[in-house]
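Heads up, the thing below is written out as structure tokens.
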Protein chains: 2
Amino acid sequence: MFTYAEENYIKAIFHLQAQSDKEVSTNAIADVMETKPSSVTDMVQKLAEKKVLAYRKYKGASLTEQGRKVATSVIRKHRLWEVFLVDKLNFHWDEVHDIAEQLEHIQSDELIKRLDKFLGNPDFDPHGDPIPDANGNFKKTEKKLLSKLKKGQRGVCVGVKESSPEFLQFLDKKNISIGTKIKVLGKEFFDGSMVIEVGKNQSFISKKIAESLYVQTN
Amino acid sequence: MFTYAEENYIKAIFHLQAQSDKEVSTNAIADVMETKPSSVTDMVQKLAEKKVLAYRKYKGASLTEQGRKVATSVIRKHRLWEVFLVDKLNFHWDEVHDIAEQLEHIQSDELIKRLDKFLGNPDFDPHGDPIPDANGNFKKTEKKLLSKLKKGQRGVCVGVKESSPEFLQFLDKKNISIGTKIKVLGKEFFDGSMVIEVGKNQSFISKKIAESLYVQTN
DNA sequence: TTTATTTTTTAGCCTAGCCTAAAAATTTAA
DNA sequence: TTAAATTTTTAGGCTAGGCTAAAAAATAAA
Ligand SMILES: [Mn+2]
Ligand SMILES: [Mn+2]
Ligand SMILES: [Mn+2]
Ligand SMILES: [Mn+2]
């Protein structure tokens, strides 16, 4: 139905819209797709003809319901495969993204149905990102950025905002992973840095890090 | 390194050479690839430049050592994924080929290493075809066509020469699968048909079928 | 409210992989 | 050993998905 390139564009636009919700600019898409704006214009015009997005010249693109359906399907596949790689093949969470980028394009509804079952119908991927169901619905959770916590508050790490290998490896060094309990021991107003307790140890965390970690408080 | 199309051509040429060993003709390749001979000429010329095959105008193509390496790697992946689909996701053996055609192109040595281990380092795929090791070596077996058996001889089904869903579903109806014990009760000289014993039942088998089933005698 | 800058689109070109039609080489038949 | 049939290659064209350079529109600055 859709080529790999088309699926990747649709997915990228979905993620961009998740941030701002408005129409997505040509340049923004070119940025995340690592292509030139002129190539993006070509592609969004084709995707508009295919009815997966609405496109207004000089204004931008926004996915139609059909487009959202395609996007969530690809995202569902990506995240299920990541669970497979970590849970079944014992990959580390910083190694799975690139392989999942390939696997997400494999076409077979039956395969995904069975994979989902085989994995125990997981709700979250190894980075704490929610896995949409077959209808494209995400389970809502009340996670917040670690940076929002006040001194003395506790939270459980439930996700990462960015899942680059570099950042994930940094978290490993700090002994932080999904499920880790974190307590804010101190917070520096001036630069937003924090001192946190992880297990029996305490760590210094910059603002940048505190803004890349999702926690759940209860 | 190689595109999907290139990998598919290389794999097809490998399989054609496995039959005859000589140079493979343009038409033969076009046939199995379901493309036109002119497209094949284009592609083999490109693959010759990439050193995966030797090509002599009007004579045909034959894989180099490098080409064989690529082919066996793709075949290894295809068959390992088929094992995964059948053993882990409970697909039936007639459903897995098309999905494996996609999965065989996923690029990650580490993935295949781990998948192989996860599956228990299988030697054969669900159709009885040998899975080459990481160096491209196939385990030799002394299988023969069921049609070679004489009246009274027994054998165990170890493979199918052709694995189209239609044929596999036909075998299901006859209660034949990998590991099934078969005894030749009668053989018709005139048309090569056979009467065989499968479990407690007996079946009539045409020559075409008897020439599509591999058995091992001991 | 002009002018300058930035963003976006258009025009034209490229490669991969396919196609058809025609030419050339090879093989088979007479 | 010529003629006919088949196989293979070449020539030219098409679509997908990129690119650069130039034009046009939108936005920001003066
Ligand atoms: Mn990922
Ligand atoms: Mn993820
Ligand atoms: Mn197969
Ligand atoms: Mn097989």
Side-chain angles (χ1 to χ4, degrees), chain A residues 1-14 16-17 19-20 22-63 67 70-71 74 101-102 104-107, chain B residues 1-14 16-17 19-20 22-63 67 70-71 74 101-102 104-107:
Chain A
M1 203 63 199
F2 295 96
T3 65
Y4 286 20
E6 287 171 339
E7 287 190 345
N8 284 332
Y9 270 98
I10 293 167
K11 187 178 53 147
I13 294 167
F14 180 90
L16 285 167
Q17 273 198 112
Q19 311 285 13
S20 63
K22 306 179 304 191
E23 286 168 316
V24 175
S25 80
T26 301
N27 266 3
I29 298 170
D31 241 50
V32 310
M33 294 293 295
E34 295 181 303
T35 57
K36 300 292 167 182
S38 54
S39 303
V40 173
T41 302
D42 269 5
M43 182 57 101
V44 295
Q45 285 175 349
K46 250 194 330 182
L47 291 176
E49 274 171 29
K50 288 199 174 189
K51 309 287 185 198
V52 291
L53 53 80
Y55 167 62
R56 295 192 304 146
K57 259 191 186 180
Y58 295 102
K59 295 295 179 177
S62 64
L63 294 184
V70 174
V74 174
E101 281 296 309
Q102 300 179 63
E104 72 187 6
H105 301 293
I106 302 291
Q107 284 184 336
Chain B
M1 202 63 200
F2 294 96
T3 66
Y4 286 20
E6 287 171 338
E7 288 190 343
N8 284 333
Y9 271 96
I10 293 168
K11 186 177 54 145
I13 294 168
F14 180 90
L16 286 168
Q17 273 198 115
Q19 311 285 13
S20 61
K22 305 179 306 189
E23 285 169 314
V24 175
S25 80
T26 301
N27 265 5
I29 299 170
D31 241 51
V32 310
M33 293 294 294
E34 294 181 304
T35 59
K36 300 294 168 181
S38 53
S39 303
V40 173
T41 301
D42 268 6
M43 183 56 101
V44 294
Q45 286 175 350
K46 252 195 326 184
L47 292 177
E49 273 171 31
K50 289 200 174 187
K51 309 289 185 197
V52 291
L53 54 79
Y55 168 61
R56 294 192 304 148
K57 259 191 185 181
Y58 294 103
K59 295 296 179 176
S62 65
L63 294 184
V70 174
V74 174
E101 280 296 309
Q102 300 179 63
E104 71 187 7
H105 300 293
I106 302 293
Q107 284 184 336

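Only a predicted model underlies this, so the values are computations on that prediction, with no experimental measurement involved. A, B, ... follow the sequence lines: proteins, then strands. Residue 1 opens every chain.
- Taking atom CD on B:Q45 and atom C1' on D:dA11, their separation rounds to 13 Å, with Å as the unit.
- Atom CD of B:E49 and atom C1' of C:dA16 are 13 Å apart (whole Å).
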Summary of protein contacts for nucleotides 13-19 of chain D, nucleotide by nucleotide, where a base hit scores B, a sugar-phosphate-only hit scores S (4.0 Å, heavy atoms): ---SSSB
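- Side-chain N/O atoms of A:K57 include none lying less than 4.0 angstrom from OP1 or OP2 on D:dA26.
- The phosphate of C:dT8 has OP1 or OP2 within less than 4.0 Å of a side-chain N or O from A:N27.
- Heavy-atom minimum distance, A:A28 versus A:V24: CB-CG1, 4.2 Å.
- Distance check, rounded to the nearest 0.5 Å: OG1 of A:T26 to CG of A:D42 gives 11.0 Å.
- To the nearest angstrom, P of D:dT8 lies 11 Å from CG of B:D31.
- Residues A:P37 and A:A30 come closest through the heavy atom pair N-CB, 3.7 Å.
- C:dT26 atom C1' lies 14 Å from atom CD of B:E23, rounded to whole Å.
- The CE atom of B:M43 lies 8.5 Å from the NZ atom of B:K50; values are rounded to the nearest 0.5 Å.
- Minimum heavy-atom separation, A:A71 to A:K11: CB-CA, 4.4 Å.
- Atom CZ in B:F14 sits 13.0 Å away from atom OG in B:S62 (nearest 0.5 Å).
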